[in-house]
Protein chains: 2
Amino acid sequence: MKTIEQFLESKDIRVTAMRLLVYKFLAEKEVTVTLSDIENAFAKADRTTLYRTVKTFEDKGIVHQIDDGTGITKYALCEKGCNCEIETDLHLHFHCNNCGETVCLTEHKIPQIKVPDGFVSENVNLVVKGICDKCSGQ
Amino acid sequence: MKTIEQFLESKDIRVTAMRLLVYKFLAEKEVTVTLSDIENAFAKADRTTLYRTVKTFEDKGIVHQIDDGTGITKYALCEKGCNCEIETDLHLHFHCNNCGETVCLTEHKIPQIKVPDGFVSENVNLVVKGICDKCSGQ
DNA sequence: CAATGAATGCACTTCCATTGCATTGATTTT
DNA sequence: AAAATCAATGCAATGGAAGTGCATTCATTG
């Protein structure tokens with residue numbers, strides 16, 4: 001069992017108090033978060049620092065960005081079957097129209113998408129919108 | 001064969017010179033366009049007017065928005081198999097990483113996406129990124 | 001301990017989406 | 001046809017989010 005510190009170091013990320021806090025925040029969130037979410041969680045920290053912290057995580061491959069169509073970038077830790085560094089990995093996400101939260105459905109894989117002749121598929125972004133399990137009352 | 005004027009009226013859209021021009025512009029474009037694209041095409045017109053013109057078209061169901069992950073909203077006329085008013089219709093779009101253009105692949109339908117128990121799917125947004133037919137040299 | 005380089009914080013910029021309000025324009029009512 | 005009404009337009013301004021420059025703080029290393 002690695003500590004978070006060891007994990008970050010293994011990913012070539014220098015450990016700081018800020019980064020530990022942001023990592024823990026992301027880890028305990030089961031849904032994707034916006035930069036504003038993080039900002040609200042750490043009111044004392046500067047927005048830019050948080051922005052760059054998440055960006056560093058992204059560059060080092062432990063966080064991925066989600067574009068769920070709301071126009072606001074969401075972030076989530078890469079884990080549990082997330083292979084977002086692999087180009088062909090399908091980033092399936094679910095956006096709830098009721099609570100507004102977006103969750104990663106990493107365990108749900110999607111068949112290969114066919115594109116017309118002449119088109120070369122490098123990456124696929126798939127967002128399903130509807131009502132999530134919490135809001136549907138199940 | 002309806003005229004554009006008749007078509008707009010049938011959709012409960014009052015006909016104006018501006019709206020006719022914007023409609024024609026969208027109609028002759030085979031790719032999706034941004035508000036800036038429209039703005040550049042009609043330098044004399046005000047950005048707000050164009051914005052509201054497109055929004056009106058969208059509200060009346062003859063234009064749909066595309067979020068291709070670039071962060072900039074794209075628009076396209078609904079036609080040729082586009083059933084975006086139907087919730088379950090798959091909005092398949094292709095974004096070219098080379099030329100930056102986004103096209104609608106309305107003729108390419110995708111199998112139903114399965115979501116976990118408790119989740120209710122209402123709408124699906126699918127964006128494939130890669131190289132388009134024009135840029136791939138075919 | 002000094003030096004170096006990264007991390008942080010503050011200020012600022014840019015870009016796009018959106019709204020308020022006054023004015024213009026068109027349509028309907030008298 | 002003139003007046004009244006309502007939508008469309010244009011201008012100005014706002015707001016939100018992403019991103020950058022630079023000075024300062026912090027931590028690591030020689």
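Order of the sequence lines sets the chain letters (A, B, ...), proteins ahead of strands, with each chain counted from 1.
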Could you check how far [atom1] of [X] sits from [atom2] of [N], rounded to whole Å?
X	N	atom1	atom2	result
A/D59	C/dA6	CG	P	14 Å
B/F42	D/dT9	CZ	C1'	15 Å
B/I13	C/dT27	CD1	P	16 Å
A/K74	D/dA18	NZ	P	11 Å
B/L20	D/dT9	CG	C1'	15 Å
A/K55	D/dT20	NZ	C1'	12 Å
A/R19	C/dA6	CZ	C1'	8 Å
B/D67	C/dA17	CG	C1'	13 Å

| message | Determine whether A/D37 and A/T34 satisfy the following criterion, side chain to side chain donor-acceptor pair (under 3.5 Å), listing intermediate values before the conclusion. | response | CA-CA 5 Å; A/D37 290 335; A/T34 66; 3.2 Å; yes
| side chain to side chain contact (heavy atoms under 4.5 Å, CB included) assessment of B/F94 paired with B/E101 | CA-CA 8 Å; B/F94 188 93; B/E101 304 237 305; over 6 Å; no
| Does a nitrogen or oxygen in the side chain of A/T16 sit under 4.0 Å from OP1 or OP2 of C/dT8? | yes
| query | Between A/Y51 and D/dG19, is there a side-chain N or O to OP1/OP2 distance below 4.0 Å? | reply | yes
| said: For a side chain to side chain contact (heavy atoms under 4.5 Å, CB included) check, start with the C-alpha distance between A/L126 and B/N125, then their side-chain angles and the critical distance, and finish with the verdict. | reply: CA-CA 6 Å; A/L126 179 58; B/N125 184 43; over 6 Å; no
| remark: Scanning both residues in full, the closest heavy-atom pair of B/L8 with B/F57 reads CD2-CE2, 4.2 Å
| query | Going through the distances and angles, do B/F119 and A/V128 end up as a side chain to side chain contact (heavy atoms under 4.5 Å, CB included)? | reply | CA-CA 10 Å; B/F119 288 81; A/V128 178; over 6 Å; no
| Which word best sums up how the rings of A/F7 and A/Y23 line up, parallel for under 30°, tilted for 30 to 60°, or perpendicular for over 60°? | tilted
| task | Run the numbers on B/R19 and B/R14 for side chain to side chain contact (heavy atoms under 4.5 Å, CB included), then give the verdict. | result | CA-CA 8 Å; B/R19 288 175 178 177; B/R14 297 176 91 165; 3.9 Å; yes
| Can you list, by residue number, the residues of residues 27-35 of chain A that have a non-hydrogen atom closer than 4.0 angstrom to DNA chain D? | A/L35
| query | Is B/K134 paired with B/E30 through a side-chain N to carboxylate O contact shorter than 4.0 Å? | reply | yes
| query | Along nucleotides 9-16 of chain C, 5' to 3', which nucleotides get a B, which get an S, and which get a -, given that the test is a protein heavy-atom distance under 4.0 Å? | reply | BBB----S
| Are the side chain of A/Q6 and the backbone N or O of A/T3 linked by a donor-acceptor pair below 3.5 Å? | yes
| said: Is it the case that the side chains of B/H93 and B/T102 hold a donor-acceptor pair, with the cut-off being a distance below 3.5 Å and no angle test? | reply: no
| request: Indicate whether the side chain of B/S136 and that of B/D133 have a donor and an acceptor atom separated by less than 3.5 Å. | output: no
Return the polar atom pairs (N/O with N/O) between nucleotides 22-26 of chain C and the protein under 3.5 Å, or none.
none

